[in-house]
Asks: 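Starting off with a structure, shown below.
The structure displayed is predicted, hence computed values, not measured ones. In each ligand, atom 1 is the first atom listed, and ligand 1 is the first ligand listed.
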Amino acid sequence: MTSVAQNLQFVRSSIKEGVRLIAVSKTKPVAMLQEAYDAGQRLFGENKAQEMREKHQALPEEVEWHFIGHLQSNKVKYIAPFVRMIHSIDSLALLQVVDKEAEKHGRVIDCLLQFHIATEETKFGLSEEEAVALLESDNYKAMNHVRLCGVMGMATNTEDTALVRQEFRHLREIFQRIKQHSFAEATYFKELSMGMSHDYAIAMDEGATLVRVGSAIFGQRNYAI
Ligand SMILES: *Cc1c(COP(=O)(O)O)cnc(C)c1O
């Protein structure tokens, strides 16, 4: 067995029932994704539009591609034909572009609203007030080619597990309020995307339905090359 397959098997054995594992393959070569694919993995996460497009072309059609990073409006066109879910909607303007690009391909693209739950300034995401304003806007109500399926967030990168847990819990509370407010009848509004290699166990405890795990499967990323 390859090390990717071994890592995957280990991570999978720790995933709770009802939680879906996204293998975050950003910066990693196609051959490593293929190893994960051969070991049965179908959900992959990427954070650069062109990189995702290239990998989509190189891997089987069965792969479900999840876009998890900050998405610039002018890059949406690269992924609109095939992306399965965009986790990182952080503005009405971005959602409008996704809606337009999806329409060009006759698709409805599943999206998550990304919330800023960490103490770090650098992480992207909406506040709850901004999300409510987005959901109540006429612009949003006129969209027919995007479907909001839940929320996404990243906890603070810290050893303080109590803080991480509190942040995930906060995201779940936001999810519940938004569901009640705007999606009470919508069975598809059910996703809580939270948890990475070092904190997905806590995220699952706090109700994650999608966990995004990269380095625990593919090894550390080397951004120098
Ligand atoms: C890179 C990344 C991950 C995976 O991080 P690991 O620590 O390697 O598991 C998860 N979510 C987002 C948004 C990412 O950018």
Asks: At a 4.0 Å threshold, what atoms of ligand 1 neighbour a non-hydrogen atom of Val213?
Replies: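 Listed by number with element, the hits are 9 (O).
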
Asks: Hey, is ligand 1 close enough to Ser197 that some N/O pair sits below 3.5 Å?
Replies: yes

Asks: Is it the side chain, the backbone, both or neither of Met154 that has a heavy atom closer than 4.0 Å to ligand 1?
Replies: side chain

Asks: For residues 136-188, which residue pairs pass the ring pair (Phe, Tyr, Trp, His ring centres under 6.0 Å) check, not counting sequence neighbours?
Replies: Phe175-Phe189, Phe183-Phe189

Asks: Minimum heavy-atom separation for Val164 to Ile202, with atom names?
Replies: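 Answer, listing the atom of Val164 first, then Ile202: CG1-CD1, 4.1 Å.
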
Asks: Is any NZ, NE, NH1 or NH2 atom of the basic residue among Glu51 and Lys55 found under 4.0 Å from an Asp or Glu carboxylate oxygen of the other?
Replies: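 Yes, this pair counts.
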
Asks: Does any N or O in the side chain of Lys48 come within less than 3.5 Å of the main-chain N or O of Gly69, such that one atom is a donor and the other an acceptor?
Replies: no

Asks: Run the numbers for me: atoms of ligand 1, each under 4.0 Å from some heavy atom of Arg212, listed by number.
Replies: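 Those qualifying, in numeric order: 4 (C), 9 (O), 10 (C), 11 (N), 12 (C), 13 (C).
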
Asks: Tell me whether Asn47 has any N or O atom under 3.5 angstrom from an N or O of ligand 1.
Replies: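 No, Asn47 has no N/O under 3.5 Å of an N/O on ligand 1.
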
Asks: Could you check whether any heavy atom of Gln220 sits closer than 4.0 Å to an atom of ligand 1, since that is the contact criterion I want to use?
Replies: no

Asks: Which ring pair (Phe, Tyr, Trp, His ring centres under 6.0 Å) pairs, counting each pair once, include a residue from residues 91-119, with sequence neighbours left out?
Replies: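 Ring pair (Phe, Tyr, Trp, His ring centres under 6.0 Å) check on residues 91-119 returns no pairs.
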
